[in-house]
Enquirer: 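Got a structure for you, written out below as structure tokens; questions coming shortly.
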Amino acid sequence: QVQLVDSGGGLVQAGDSLRLSCTASGRAFSSYALGWFRQAPGTEREYVASISYSGGKTYYADSVKGRFTISRDNGKNTVYLQMASLKPDDTAVYYCAAGRSVVNKSSSYNYWGRGTQVTVSS
């Protein structure tokens, strides 16, 4: 079992930066691939980024590539999502997730945080 607690959301202006964090309980953190997803009101949850067990491989949705950076610190059981050049379209609840495969499908992730709200004003 892995419990995830995501945090760091807030209200920012377009062009600002924000860093989300997700801290996990349990000893097997380094054996999980981690991902970030987001969901805006009235839309389906969408993939944002993912990172492999060691952090050596990272993947991004085209909509955030070049602006967002995912990273992890296995010693702190934490995964981060550094977001830059934020746009109003980035407004959503952001969720971290843990699973056995570093893929872009939410169904492949077994454990989820409760989400943190990011609101970007124009």
Side-chain angles (χ1 to χ4, degrees):
Q1 279 282 2
V2 176
Q3 291 186 330
L4 303 173
V5 178
D6 28 34
S7 62
L11 172 63
V12 297
Q13 294 186 336
D16 284 352
S17 298
L18 200 61
R19 188 177 79 160
L20 305 182
S21 300
C22 176
T23 301
S25 64
R27 300 179 180 177
F29 181 78
S30 60
S31 67
Y32 287 94
L34 300 167
W36 285 97
F37 291 77
R38 67 186 182 186
Q39 187 168 18
T43 69
E44 294 185 354
R45 191 169 297 186
E46 68 169 348
Y47 168 80
V48 175
S50 54
I51 188 167
S52 62
Y53 310 100
S54 66
K57 295 184 178 180
T58 56
Y59 305 90
Y60 299 92
D62 288 344
S63 58
V64 306
K65 198 172 295 183
R67 299 188 299 121
F68 290 11
T69 303
I70 187 171
S71 62
R72 66 189 293 167
D73 185 338
N74 287 343
K76 295 182 178 180
N77 280 15
T78 301
V79 59
Y80 304 98
L81 185 68
Q82 179 69 49
M83 305 184 293
S85 302
L86 282 162
K87 306 174 182 179
D89 285 349
D90 296 317
T91 296
V93 177
Y94 283 72
Y95 300 88
C96 65
R100 294 300 187 182
S101 299
V102 55
V103 295
N104 61 357
K105 296 180 179 179
S106 60
S107 59
S108 296
Y109 292 83
N110 306 105
Y111 305 102
W112 292 83
R114 292 190 175 184
T116 184
Q117 175 71 48
V118 173
T119 303
V120 184
S121 64
S122 57

Enquirer: Roughly how far, to the nearest 0.5 Å, is OH of Y60 from CG of N104?
Expert: 14.5 Å
Enquirer: What distance do L4 atom CG and F29 atom CZ have between them, rounded to the nearest 0.5 Å?
Expert: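 L4 CG to F29 CZ: 8.0 Å, rounded to 0.5 Å.
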Enquirer: Hey, could you give me the CD/CZ distance between Q82 and R67, rounded to the nearest 0.5 Å?
Expert: 12.5 Å
Enquirer: Determine, using the 4.5 Å side-chain heavy-atom cutoff (strictly less than), whether V79 and V64 are members of one ILVMFWY cluster.
Expert: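 Yes.
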Enquirer: Taking only residues two or more places apart in sequence or in another chain, which ones pass side chain to side chain contact (heavy atoms under 4.5 Å, CB included) with S107?
Expert: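 Listed in chain order: K105.
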Enquirer: Side-chain heavy atoms under 4.5 angstrom apart, residues restricted to Ile, Leu, Val, Met, Phe, Trp, Tyr: same cluster for W36 and Y95?
Expert: no
Enquirer: I51 and side-chain contact (heavy atoms from CB on, under 4.5 Å): which single residue from L34, T69, V102 fits?
Expert: L34
Enquirer: Give the table of side-chain donor-acceptor pairs shorter than 3.5 Å for residues 5-23, with sequence neighbours excluded, one pair per line with atom names and distance.
Expert:
residue : atom : partner : partner atom : Å
D6      : OD1  : R114    : N            : 3.4
D6      : OD1  : G115    : N            : 2.9
D6      : OD2  : C96     : N            : 3.1
D6      : OD2  : G115    : N            : 3.3
D16     : OD2  : Q13     : N            : 3.1
T23     : OG1  : T78     : OG1          : 3.3

Enquirer: Can you sort out the partners of S101 under side chain to side chain contact (heavy atoms under 4.5 Å, CB included), two or more places apart, ordered by chain and number?
Expert: V103
Enquirer: Is it possible for you to say whether Y59 and F37 belong to one hydrophobic cluster, with membership spreading through side-chain heavy-atom contacts below 4.5 Å?
Expert: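 Yes, it is one cluster - the side chains of Y59 and F37 are joined through contacts under 4.5 Å.
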Enquirer: Treating Ile, Leu, Val, Met, Phe, Trp and Tyr as nodes and any side-chain heavy-atom pair under 4.5 angstrom as an edge, say whether Y47 and M83 lie in one connected cluster.
Expert: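 Y47 and M83: separate clusters.
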Enquirer: For Y32, is the NZ or CZ atom of R72 found under 6.0 angstrom from the centre of its six-membered ring and inside 45 degrees of the ring axis?
Expert: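 That pair does not qualify as a cation-pi contact.
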Enquirer: What pairs with Q3 under side chain to side chain contact (heavy atoms under 4.5 Å, CB included), at least two apart in sequence or on another chain?
Expert: S25
Enquirer: Looking at residues at least two apart in the chain, or sitting in another chain, which of them share a salt bridge (Lys or Arg N to Asp or Glu O under 4.0 Å) with R38?
Expert: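 E46, D90.
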Enquirer: Please verify the inter-ring angle class for F68 with Y94; under 30° counts as parallel, over 60° as perpendicular, anything in between as tilted.
Expert: tilted
Enquirer: Apply side chain to side chain contact (heavy atoms under 4.5 Å, CB included) to S31 and list each qualifying residue two or more places apart in sequence or on a separate chain.
Expert: A28, R100
Enquirer: Nearest heavy-atom pair of T91 and V120: which atoms, and what distance?
Expert: OG1-N, 2.9 Å
Enquirer: Looking at every non-hydrogen atom in both residues, tell me the closest pair between Y109 and S50 and how far apart they are.
Expert: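 The pair with the smallest heavy-atom distance is OH-CB, 3.5 Å.
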